[in-house]
Amino acid sequence: MASAPAPVPRPLLVTMGDPAGVGPEIVVAAHARGALRDALVIGDPSVLRRAGAAMTAVVEAPSDLAEAPPGCLPVLPPPGLPEGLSALAWGRVDARAGAAAARCIEHAATLVLRGAGRALVTAPVHKEALAAAGVPYPGHTEMLQALAGAAAVRMMLASPELKVVLVTIHLSLRRAIEAVTRDAVLDTIRIAANAAAGWPRAHPGAPRIAVAGLNPHAGEGGLFGDEEIRIIGPAVQAARAEGIDALGPFAPDTVFMRARRGEFDLVVAMTHDHGLIPVKYLGVEQGVNVTLGLPFVRTSPDHGTAFDIAGTGRADPSSLLAALRTARVLAPS
């Protein structure tokens, strides 16, 4: 009696990103390095062909990875893609590009929620293009939260030297400060602690979480702002009462250095630039964006669409390669 064929492993699902940016190029470059051997790209085959003119072949709409011959890039086009995407000008905001990027995200999220993929890795999108297409979300994080029906999600940017989780993300600085509430800080600490519980850590026991202040010198006892006294400090104490090893608030200008030296496993930062500048300064090529709080693993490069070099062949796939490695670690099967 013949044995049943071995099941095909669930693939990583990789979205192509904005077709006018570097997303398709870094996807193709990752494929050329053998890094998409267990991945299915959600995108427009013509866009991927344009991005990789030297590629052997693109296999369109395979039912599973076994249908893709060796050396071919399997691409699944979602329904409803705009036409003529491969004719778009490189490096320009275009509503059709924004609509295509959003459609790929929606389809990939639907597949991973159905169990047809084990994790989602997203190439960069352009926020102006999404807005031009009428997409009601400023970026991946907010869109995936809505698609997954997640109560609360947080952005983490991680590199080999530093991990940072953000309380607020894509808001003006004025609005971000208003959004720093006790509940928002406490929820972020909880989400970070829950996610980090399964990671390798420098310290035994519960993850050690540093919470950065909002103001210079963490407010200096109220001299430079009282958010640390009224909001952040009480949130840290509430987290500690729940058994979470959270400490702070610490001065934002030194806490990242302390975490990098191994004193903490990760840092919770109040605003987008407070948290992301230190990680990106250490090397964009190794940074990975991880969305915490979703019912599936989602990672992405820590850079944008790089319109200034799109179409030149100069895009570096290192951060995408790091995002793929991280997705495999967090979703091994």
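Residues: numbered from 1 along the sequence shown.
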>> As an exercise, state the distance from CG of Leu81 to CG of Asp44, rounded to the nearest 0.5 Å.
In response: 5.5 Å
> Is the shortest heavy-atom distance from the side chain of Thr299 to the side chain of Asn289 under 4.5 Å?
Replying inline: no
>> Set out, in order, the CA-CA distance, both residues' side-chain angles and the distance that settles salt bridge (Lys or Arg N to Asp or Glu O under 4.0 Å) for Arg208 and Asp245, then state yes or no.
In response: CA-CA 5 Å; Arg208 186 172 297 177; Asp245 190 3; 3.8 Å; yes
> What is the distance from atom OG1 of Thr326 to atom CE of Met156, rounded to the nearest 0.5 Å?
Replying inline: 8.0 Å
> Going from CG on Asp183 to OG1 on Thr188, what distance comes out if it is rounded to the nearest 0.5 angstrom?
Replying inline: 10.5 Å
>> If I take atom CD1 from residue Ile231 and atom CG from residue Leu186, how far apart are they, to the nearest 0.5 angstrom?
In response: 13.0 Å
> So how far is it from Leu40 CG to Leu12 CG, rounded to the nearest 0.5 Å?
Replying inline: 10.0 Å
Could you give the side-chain donor-acceptor pairs of residues 17-25 under 3.5 Å, partners two or more places apart or in another chain?
residue : atom : partner : partner atom : Å
Asp18   : OD1  : Ala20   : N            : 2.7
Glu25   : OE1  : Gly311  : N            : 2.8
Glu25   : OE2  : Gly313  : N            : 3.1

> Do the side-chain N and O atoms of Asp316 and Ser318 include a donor-acceptor pair separated by under 3.5 angstrom?
Replying inline: yes
>> Ignoring hydrogens and geometry beyond distance, is a side-chain donor-acceptor pair present between His31 and Arg37 at under 3.5 Å?
In response: no
> Quick one: salt bridge (Lys or Arg N to Asp or Glu O under 4.0 Å) partners of Arg314, sequence neighbours excluded?
Replying inline: none
>> Test of understanding: with side chain to side chain donor-acceptor pair (under 3.5 Å), list the residues that count as partners of Arg96, not counting sequence neighbours.
In response: Asp94
> For Glu142, which residues count as a salt bridge (Lys or Arg N to Asp or Glu O under 4.0 Å) partner, sequence neighbours excluded?
Replying inline: none
> Of all heavy-atom pairs between Pro252 and Gly213, which one has the smallest distance, and what is that distance?
Replying inline: CG-O, 3.2 Å
> Is there a side-chain contact between Leu157 and Lys280, using heavy atoms and a 4.5 Å cut-off?
Replying inline: yes
> Charged N to carboxylate O under 4.0 angstrom, Arg118 versus Asp38?
Replying inline: yes
>> By the ring pair (Phe, Tyr, Trp, His ring centres under 6.0 Å) test, which pairs, at least two apart or in different chains, include something from residues 82-130?
In response: His126-Phe307
> In chain order, what residues pass the salt bridge (Lys or Arg N to Asp or Glu O under 4.0 Å) check against Arg230, with sequence neighbours excluded?
Replying inline: Asp226
> Got a donor-acceptor contact below 3.5 angstrom from the Arg154 side chain to the Thr291 backbone?
Replying inline: no
>> Using the salt bridge (Lys or Arg N to Asp or Glu O under 4.0 Å) criterion, which residues pair with Arg258? Sequence neighbours excluded.
In response: Glu263
> Can you pull the ring pair (Phe, Tyr, Trp, His ring centres under 6.0 Å) pairs that have at least one residue in residues 208-236, sequence neighbours excluded?
Replying inline: His217-Phe224
Only distances under 3.5 Å count here; give the side-chain donor-acceptor pairs of residues 173-180 to other protein atoms, sequence neighbours excluded, each with its distance to 0.1 Å.
none

> Does any pair with a residue in residues 309-333 pass ring pair (Phe, Tyr, Trp, His ring centres under 6.0 Å), and if so which ones, sequence neighbours excluded?
Replying inline: none
> Between Val164 and Pro278, is any pair of side-chain heavy atoms under 4.5 Å apart?
Replying inline: no
> For Val112 and Leu13, which heavy atoms make the closest approach, and how far apart are they?
Replying inline: N-CD1, 3.8 Å
> Roughly how far, to the nearest 0.5 Å, is CG of Leu214 from OG1 of Thr271?
Replying inline: 7.0 Å
>> Any heavy-atom pair between the side chains of Met270 and Thr168 that's under 4.5 Å?
In response: no
> Does one side chain, of Arg49 or Ser86, offer a donor that lies under 3.5 Å from an acceptor on the other?
Replying inline: no
> Residues two or more places apart in sequence or in another chain: which of them pass ring-ring contact (aromatic ring centres under 6.0 Å, His included) with Phe256?
Replying inline: none
>> Does anything in residues 150-189 form a ring pair (Phe, Tyr, Trp, His ring centres under 6.0 Å)? List the pairs, not counting sequence neighbours.
In response: His170-His272
